[in-house]
Every structure is written in C-alpha cells, then in structure tokens.
*Asks:* 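Please find one structure pasted underneath; my questions will follow.
Order of listing sets the numbers, starting from 1, for every ligand and every atom in it. Side chains included, hydrogens not; waters and symmetry mates left out as well; all remaining heavy atoms used.
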Amino acid sequence: MAPDLPRRSVLVGGLVLAGSFGGLVRPARALAAESPEIIGCDEWGARPNRDVIPVWNEPPIRIIVHHTATANVEDVSRAAADEVARLIQGFHMDRRGWIDTGQNFTISRGGFVLEGRHRSLEVLRSGRRHVEGAHCTGQNVVAVGIENEGTYTGEKPPDALWESLRATCAYICRQYEIRPTEIVGHRDFKDTACPGNALYGMLPTLRGEVAGVLGERLSGKDARRASWPLLRTDDRGAAVQAAQHLLRAVGMAAVRADGHFDARTTDAVRRFQTAHRTEEVNGMLGGESWPLLVTAEGGDPAEVELAVRALTPAKAVRASSLSGADDWLRLLDAAARRP
Ligand SMILES: [Zn+2]
C-alpha cells in the first residue's frame, strides 16, 4: 500500500494538484449499516498499488456501470470473486501499466462486492472524498466506477449480481447525495458497447430500484435518460442516416447516406475518430464521438440540414434551431424511440 500522507499532492494530467480543494465540506454521516458487505483489498489478496492513489476532496457526482466482458461463468463462490478481482488487477497493472485496479468496485457473478482500487472503500465510508480511478477517461475524477463480472450484451446479469449492484449503488448515492438518475453506463461517454445492451437497457430499472431503496419515487419517465445511440457496422435506421449526413458534412464524401452502417461508414467514423483523437479508433459511434460529430465546426450546412431531416420526418425542426450537443442528443434519442 502507498504511504498514507496526511496532505498529499497528486500528479494528474501533468498538473500538480494539492490534495485539498476549496469545495464543499459536509459532515460525515453514520449510515454504514446500510452498506452492503464490501470485501476490502486486503481480504481478496490485492497486490500493493504502485504509486500514491489520488484522492479528491470533492464527492463524486455520478456512478458509471461497466461489464468486465469476461465469460459468464457458473462459479458463484467467494473464491471465484477473489480470483476475478486479482485477475483484473493483474491485467490493469501489468498490461495497461496502471498504478492499481482501474475501477473503484467490482461485483462478481455470485453477488460479492469487492473493493477495486485501494482506498476506495475507506474513502467511500467518509462520504466526502473520492478515489480517482481509471475506468472512463474524462470521468475518473467525478465518477465512481463499478465493474460487473460477465458479458451482458444479450444475457442479463444473475439476480445475485443485480441485487448487489442495486445495494452498492444505493449506498454510494446515499453517501455522496448522488441522484439515482446519475447512474449511467460507460457508453454514455465512450465509443464502447460496455456495459452491454442488456445491462445498459436495465439502467432505468436500476435507477428506479435504487430510488426505492433510498425511499424516493422515480417515475419510469424520469428513470429513463436520453442517450446517444450506439451505432456500428450493419446497423440501420434514421440515426445511421443522420450520422452519414453529418460525416458527409465534415468532408467524408465517400459515405452514402442510405441508413445502412456499411464498410464506408465504418471507415469514415474511424477517420473521424483519428482526427479527433478519441480514446478508441474502432469505427463505433457512441458517447464520445457523437458529441464531437454534432458540434463539428465548418460543416456543410445542407448536409447538416439533411441529418436533422432524417431524424424528424415531420420537418418540424431546422438545424439552425439546434443550439448544441444536448439538442442533438434529444433529437437522436427521440428518433431511436420512434417505432
Ligand atoms: Zn466499461
């Protein structure tokens, strides 16, 4: 474990930041009884972290749900949970070169909740500070990351995992006063399928159930957040056609705007990602590339207008009335829900 300095400085993105920030300080609350059992790093046999763990004196503002994209194993034992935590830590430290496990918490298929990155548990108990993880670039300082063991593209998570995820999210929300509507998926920020279509599709249910645990009510409508459609090779529809017009608008003239995410479209997205230095260059249009694409400067206005038209067949909206990424998000989300 890292030496426990009372006031540390951390090196983040090339800037030396003091460990203390002038923000809000709230009294610690005594709600530990409502925490699920969380297995600490010492208990699952974690290796020591390689460097000082950055701890911020600001509470996080959201929770990001991931899946590990590993096999949906049948072994639901505690030993299997410990093994998963060790495997992830080894992968993150040895292959990714990180200082420790990337996520703050891990939930096994058997429903065991484990601390991921060192100090995450102790800091969560404080209710005021946050351990910076490495699970979603750009969000690590403000979001708690939870990795759920398994691959949930088609298959739903087992009940034991689901119940632990709900309890863990509720505890985190309570500790930090995070709204359940701020439980989101990795794909909301990145061009990734994580946490899988099945688990991602269950997030409105999770928000509603977490609100219930907290003694609040969240309507189905409020539990559902607008999201960027995740588009990839062979997808079809209005959102694909809109994306194609937007790609043409920024000069990708080889793209045909026919609503089919074909090889040329995939190639154009890859080139767009390369030009914008997104984290992944994978030809998948998700939560990182969409906001860049809809706000790209200097695009051909006629193509942008056609993109809007593809999303609003009733011609009720004009491109000039859209003021930014949020307007596009709502338009795309509404189009995705249209039968
Ligand atoms: Zn993820």
*Asks:* I want to check a possible cation-pi pair here: R187 against Y200, using under 6.0 Å from ring centre and within 45° of the ring axis as the test.
*Replies:*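 Ring-cation test returns yes.
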*Asks:* Checking T266 against T233: is there a side-chain donor and acceptor pair closer than 3.5 Å?
*Replies:*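 Yes, T266 and T233 have a side-chain donor paired with an acceptor closer than 3.5 Å.
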*Asks:* Would you please say whether a donor-acceptor pair under 3.5 Å links the side chains of N104 and H130?
*Replies:*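 Per modelled atom types, N104 and H130 side chains form no pair under 3.5 Å.
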*Asks:* Is H135 close enough that one of its N/O/S atoms sits under 2.8 Å from the Zn ion (ligand 1)?
*Replies:*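 Checking H135: none of its N, O or S atoms is under 2.8 Å.
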*Asks:* Any donor-acceptor pair under 3.5 Å linking the side-chain atoms of Y171 with those of R125?
*Replies:*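 Note: R125 and Y171 side chains meet the donor-acceptor criterion.
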*Asks:* Looking at the Zn ion (ligand 1), which N/O/S atom of H66 is the nearest one?
*Replies:*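 It is ND1, the N, O or S atom of H66 closest to the Zn ion (ligand 1).
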*Asks:* For the Zn ion (ligand 1), what is the closest N, O or S atom on H186?
*Replies:*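 Closest N, O or S atom of H186 to the Zn ion (ligand 1): ND1.
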*Asks:* Below 2.8 Å, any N, O or S contact between C136 and the Zn ion (ligand 1)?
*Replies:*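 Under 2.8 Å: C136 has no N, O or S contact with the Zn ion (ligand 1).
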